[in-house]
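Nothing here was measured: the structure is a model prediction, and the numbers come from that model.
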Amino acid sequence: MRWIWIRHGETEENREGRYLGHTDVPLNDAGVEQAALLARQLGHERPAHFFTSDLLRCVQTADRLATVWGMSPIRVPELRELSFGEWERLTYEELMVRESVRASRWYDDPFDIAPPGGETLTQLGERVNRWLSGMWKEMRDACGSTEPDHTVALVTHGGVIRWFQAAWLHGDPGLYWHMKGLGHGQAMIVEHVSGTWKPASHAIDIREESEA
């Protein structure tokens, strides 16, 4: 089993360093180009299953891949980014001016403290784990094997990918902030081998192709 994890292309809010979370905004021009280049780079892949967060920036990224793969993605709300609640669309600097005490408490303990109206990292992890485990079980049951020979593509957000890296690849959610993660328009491939998830390749980066 191979999973291709893909982070959406850039948005204008990403460029400005704003917490975006569940706020639904489109890709900017750079993000559209990133998605197109990544689709070209991953065009040789033939995933058996294709999922995307239902937020627009992921859907637009997935649409480019759908064109080259000849298949439509299934939209999955559980693959959304961490919700920052009332703090969405603020920069770090704006947040510290408005609510420095509450924000500092959140930064110190994001696993147990949520932004007002938002999620903790623990809640993010619970929904991601629940969906991934269910999807994984369905595929194993469908083919009657503990090691299905499938490739799955998932277009999602930086927070979701960090969670997978920490909790699934390293077995320790506490390593969340120590994960390198993926940049916008990057992908990584992981494989399930002998009961363990392992990186097959990390940070497939469209910039390498565009600069070549």
Of all the heavy-atom pairs spanning [X] and [Y], show the shortest one and how long it is.
X: F111; Y: P173; answer: CZ-O, 3.3 Å
X: S53; Y: H157; answer: OG-NE2, 2.9 Å
X: R57; Y: G21; answer: NH2-O, 2.6 Å
X: A187; Y: L38; answer: CB-CD1, 4.3 Å
X: M96; Y: A103; answer: SD-CB, 3.8 Å
X: A66; Y: P73; answer: CB-CD, 4.1 Å

Same cluster for [X] and [Y] if Ile/Leu/Val/Met/Phe/Trp/Tyr side chains link at under 4.5 Å?
X: I161; Y: L175; result: no
X: V190; Y: V128; result: yes
X: W163; Y: W5; result: yes
X: V160; Y: W131; result: yes
X: L90; Y: F84; result: yes

If we ignore hydrogens and angles and just use 3.5 Å, is the side chain of [X] paired with the main-chain N or O of [Y] as donor and acceptor?
X: T196; Y: H192; value: no
X: E81; Y: G159; value: yes
X: R7; Y: G185; value: no
X: Q34; Y: E10; value: yes
X: D24; Y: L56; value: yes
X: H44; Y: Q41; value: yes
X: E138; Y: M135; value: no
X: T120; Y: P110; value: no

(request) Look at R18 together with E12 and state whether they make a salt bridge at an N to O cut-off of under 4.0 Å. (result)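 No, R18 and E12 are not salt-bridged.
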(request) Identify whether the distance between the nearest side-chain nitrogen and carboxylate oxygen of E13 and R89 falls below 4.0 Å. (result) yes
(message) Are F164 and Y176 an aromatic pair, judged by ring center distance below 6.0 Å?
(response) no
(message) For the aromatic rings, using the six-membered ring if either is Trp, is the centroid distance between W136 and W197 under 6.0 Å?
(response)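 Ring centres of W197 and W136 closer than 6.0 Å.
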(message) Under 3.5 Å, is there a donor on one side chain and an acceptor on the other for H8 and T156?
(response)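 Their side chains do not contain a donor-acceptor pair, so the 3.5 Å distance test is not met.
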(message) Whether the W3 and E191 side chains hold a donor-acceptor pair (N or O, under 3.5 Å, no angle test) is what I'd like checked.
(response) no
(request) Could you give me the CA-CA distance, side-chain angles and deciding distance for E45 and R2, then say whether salt bridge (charged side-chain N to carboxylate O under 4.0 Å, His left out) is met? (result) CA-CA 11 Å; E45 295 286 351; R2 299 165 72 246; 3.1 Å; yes
(message) Please evaluate residues L79 and T52 with respect to the criterion side-chain contact (heavy atoms from CB on, under 4.5 Å), reporting the C-alpha separation (whole Å), side-chain torsions for both, the decisive distance (0.1 Å), and the verdict.
(response) CA-CA 7 Å; L79 290 176; T52 181; 6.0 Å; no
(request) Can you measure from CG (N14) to CG (L20) and round to the nearest 0.5 angstrom? (result)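 It is 5.5 Å, given to the nearest 0.5 Å.
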(request) Find the distance between CG (L37) and CG (L42) and round it off to the nearest 0.5 Å. (result) 11.0 Å
I'd like to check [X] versus [Y] (side-chain heavy atoms, cut-off strictly below 4.5 Å). Are they in contact?
X: R64; Y: V32; answer: yes
X: R46; Y: W69; answer: yes
X: E126; Y: T122; answer: yes

(request) Evaluate salt bridge (charged side-chain N to carboxylate O under 4.0 Å, His left out) for R105 paired with D109, printing each intermediate quantity in order. (result) CA-CA 6 Å; R105 290 180 61 230; D109 188 12; over 6 Å; no
(request) Sequence neighbours left out, what passes side-chain contact (heavy atoms from CB on, under 4.5 Å) with I74? Give chain and number order. (result) F51, V76
